[in-house]
Each structure stands twice: as C-alpha cells, then as structure tokens.
Amino acid sequence: ISCITVYLFALSEGKIIQILTNKQSVFIASISASAFLIHYVVLWLIGDIITCLNISQLQPYIVCITGFPITIFLSLDKNFK
C-alpha cells in the first residue's frame, strides 16, 4: 500500500492526492505544528486575563471566540506563498 501511495504522489494523479496537495491543505499543514505548540499558552493567557477582569462566567465563550483566531494569527508563517 505504501508503494502505491508513493507512486500516486509521484504521478500526482487521483482525487485523494489532489485533495491532500491543494493549496488549502498545504496551508493548514504549514501552520498546524506551530498552532499546536502555542495554543496552550494562548488559552492560558486568555484565561488569566478573564480571571483578572472578573468575568469568569463568560470564560468559555471568550476563550472560544478569541483563542482560535489569536492562535491562528500567531501561527502564520510569514514565508508562506
């Protein structure tokens, strides 16, 4: 199976290969490692800010709304083309 997969990637044929190598998939792959590494710190900092502002009843909503965009923004590779 692995030989067939390598062969199909070399030929760039097939729907699955086209899906895995399109621009959006490559973009997500380029930011996923750094997003994984920084998401805990971002969510922890947002949680601390919410605690300091004494609005902890809204914490789940604020973390979801702000944590994801901040993590993605900080994960963007400036050299991505």
Side-chain angles (χ1 to χ4, degrees):
I1 293 177
S2 61
C3 293
I4 294 170
T5 306
V6 170
Y7 181 72
L8 288 175
F9 268 106
L11 293 178
S12 297
E13 292 181 7
K15 279 289 188 198
I16 295 174
I17 304 304
Q18 290 175 355
I19 291 170
L20 291 175
T21 57
N22 69 17
K23 189 169 181 153
Q24 291 83 12
S25 297
V26 173
F27 173 73
I28 291 170
S30 72
I31 66 170
S32 65
S34 54
F36 173 75
L37 291 173
I38 67 168
H39 83 278
Y40 179 77
V41 176
V42 170
L43 298 179
W44 177 69
L45 288 173
I46 292 171
D48 277 359
I49 292 169
I50 290 169
T51 303
C52 290
L53 294 175
N54 199 18
I55 52 173
S56 46
Q57 68 273 13
L58 298 174
Q59 183 170 0
Y61 305 108
I62 295 171
V63 168
C64 290
I65 292 170
T66 60
F68 180 72
I70 291 171
T71 300
I72 297 302
F73 176 75
L74 293 175
S75 301
L76 292 175
D77 183 10
K78 305 300 182 215
N79 297 321
F80 184 75
K81 296 176 176 134

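The CD1 atom of Ile72 lies 8.5 Å from the CD1 atom of Ile28; values are rounded to the nearest 0.5 Å. We find the CG-SG distance between Leu58 and Cys64 to be 12.0 Å, quoted to the nearest 0.5 Å. The CG atom of Leu76 sits 8.0 Å away from atom OG of Ser34, with the distance rounded to the nearest 0.5 Å.
Note on Ile38 and Val63: same hydrophobic cluster, where clusters join Ile, Leu, Val, Met, Phe, Trp and Tyr whose side-chain heavy atoms are under 4.5 Å apart, directly or indirectly. The hydrophobic clustering, which links ILVMFWY residues whose side-chain heavy atoms are closer than 4.5 Å, places Val41 and Phe68 apart.
Sorted by first and then second residue, the pairs that involve residues 31-65 and meet ring pair (Phe, Tyr, Trp, His ring centres under 6.0 Å), not counting sequence neighbours, are Phe36-His39.
Counting only heavy atoms from C-beta outward, the side chains of Thr71 and Ser75 approach each other to under 4.5 Å.
Scored by the side chain to side chain contact (heavy atoms under 4.5 Å, CB included) test, Leu53 finds Ile49, Ile55 as partners (sequence neighbours excluded). Partners of Thr66 by side chain to side chain contact (heavy atoms under 4.5 Å, CB included), not counting sequence neighbours, listed by chain and number: Ile46, Ile62, Ile70.
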